[in-house]
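This report refers to the structure that appears directly beneath it.
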Amino acid sequence: EAYRIGPVSFPVTPTDQPRTTAVVLGPDSSLAIADIGLREATEISGQHFEDLNANGQRDPGESGLDGWSVELIDADTGERVTSTTTESIDLNGDGAIDPETEAGLYTLYTRIPGDYLLRAVPRESWMWTSPDSSGTYDVPTELGDLLTGLDFGTVATPDYRASAATFSPLEIYAGET
């Protein structure tokens, strides 16, 4: 009787697809250990939050931001290895999302050790406050690393182009003598 092991049920990167291995057991045999070549994944996680006071730290009252892209970039080649989008997750299972602790969360996985850059993709009219003004972490990894708390802070900036287009100079000075 043959038993099929796989494919794996945890996230994979495009360069490391799941594997399936056939294991054949006789009627009176058992399987204690099977090396099917799977590697332990490195997990990278954190939160993207709105840094209302632009101090580079997550403070009470600053909510997580959903819908932002986070990318893991190979530091040597500059190529994107994997990416995800920040989202809300009901971590405590109470049926409600706490905007400060359960919104703006992300998790990425890689099975290839190396040097990476972790970045949140910038958006117009927002500026980075954390980890610094680049919005990028240097992330060296080993197999099985659990890297948590790699948070991104951003603050909305006034869109001066939109506000400048609202009034013409003639409208501003109309009525003045």
Side-chain angles (χ1 to χ4, degrees), residues 7-19 37-93 96-165:
V8 294
S9 61
F10 46 87
V12 295
T13 63
T15 58
D16 188 27
Q17 297 301 315
R19 299 181 183 105
L38 297 177
R39 294 175 287 188
E40 190 174 359
T42 294
E43 180 178 310
I44 302 165
S45 64
Q47 182 182 37
H48 187 161
F49 65 95
E50 185 173 9
D51 190 0
L52 296 172
N53 60 2
N55 70 351
Q57 300 174 12
R58 199 177 145 280
D59 299 310
E62 295 179 336
S63 298
L65 296 171
D66 289 343
W68 286 69
S69 294
V70 178
E71 300 177 330
L72 191 63
I73 308 294
D74 185 307
D76 294 328
T77 66
E79 292 184 26
R80 185 177 72 189
V81 175
T82 188
S83 65
T84 191
T85 303
T86 60
E87 64 183 341
S88 293
I89 301 172
D90 186 6
L91 297 172
N92 60 8
I97 296 296
D98 179 340
E100 291 183 36
T101 61
E102 297 178 322
L105 305 176
Y106 75 90
T107 302
L108 294 169
Y109 300 91
T110 183
R111 286 188 190 78
I112 303 170
D115 293 324
Y116 295 98
L117 302 174
L118 179 69
R119 74 178 195 123
V121 178
R123 289 188 181 177
E124 190 173 337
S125 299
W126 291 81
M127 68 178 212
W128 298 112
T129 63
S130 177
D132 57 30
S133 62
S134 73
T136 304
Y137 286 98
D138 291 320
V139 183
T141 66
E142 296 294 329
L143 288 179
D145 282 350
L146 179 60
L147 306 173
T148 62
L150 298 177
D151 297 341
F152 295 98
T154 55
V155 62
T157 59
D159 188 344
Y160 292 109
R161 286 175 290 174
S163 62

Any donor-acceptor pair under 3.5 Å from Ser125 side chain to Thr157 backbone: no
Just one of Phe152, Trp126, Phe49 clears the ring pair (Phe, Tyr, Trp, His ring centres under 6.0 Å) bar with Trp68, so which one? Trp126
Quick one: does any side-chain atom of Gln47 pair with a main-chain N or O of Ala103 as donor and acceptor, under 3.5 Å? yes
Which pair of heavy atoms, one from Asp115 and one from Pro140, lies closest together, and at what distance? OD1-CB, 3.3 Å
Heavy atoms only: give me the nearest Thr84-Tyr106 pair and the separation to one decimal. CG2-CB, 3.8 Å
Answer yes or no: is there a side-chain heavy-atom contact under 4.5 Å between Glu87 and Ile97? no
Gap separating the CD atom of Glu102 from the CG atom of Asp90, nearest 0.5 angstrom: 5.0 Å
Test item: Leu118 and Leu108 side chains (from C-beta on) under 4.5 Å apart, heavy atoms: yes
When rounded to the nearest 0.5 angstrom, what is the spacing between CG in Leu72 and OH in Tyr116? 6.0 Å
Among Thr136, Val121, Leu117, the one residue meeting side chain to side chain contact (heavy atoms under 4.5 Å, CB included) with Glu71: Val121
How long is the span from the OG atom in Ser63 to the CZ atom in Arg58, to the nearest 0.5 Å? 8.5 Å
Tell me, yes or no, whether the heavy-atom count around Asp138 atom CG, taken from other residues, nucleotides or ligands under 6.0 Å, exceeds 12. no
Straight-line distance of Leu105 CG to Asp151 CG, nearest 0.5 Å: 9.0 Å
Do you know which two heavy atoms are closest between Pro113 and Leu143, and how far apart they sit? CD-CD2, 3.7 Å
Is there a donor-acceptor pair closer than 3.5 Å between any side-chain N or O of Asp74 and the backbone N or O of Glu79? no
Min side-chain heavy-atom separation Ser134-Trp128 under 4.5 Å: no
When rounded to the nearest 0.5 Å, the distance separating CD1 of Ile44 from OH of Tyr109 is 10.5 Å
If you measure from CG on Asn55 to CD on Glu62, what distance do you get to the nearest 0.5 Å? 6.0 Å
Strictly distance-based, threshold 3.5 Å: is any side-chain N or O of Thr86 a donor or acceptor partner for the main-chain N or O of Gly67? yes
Is a side-chain donor or acceptor of Asp145 paired with a backbone partner of Leu147 at a separation under 3.5 angstrom? no
Judged by atom type as modelled, is there a donor-acceptor pair below 3.5 Å linking the side chain of Asp66 to the main-chain atoms of Ser88? yes
Indicate the atoms forming the closest heavy-atom contact of Thr42 with Glu142, along with that distance. OG1-O, 2.7 Å
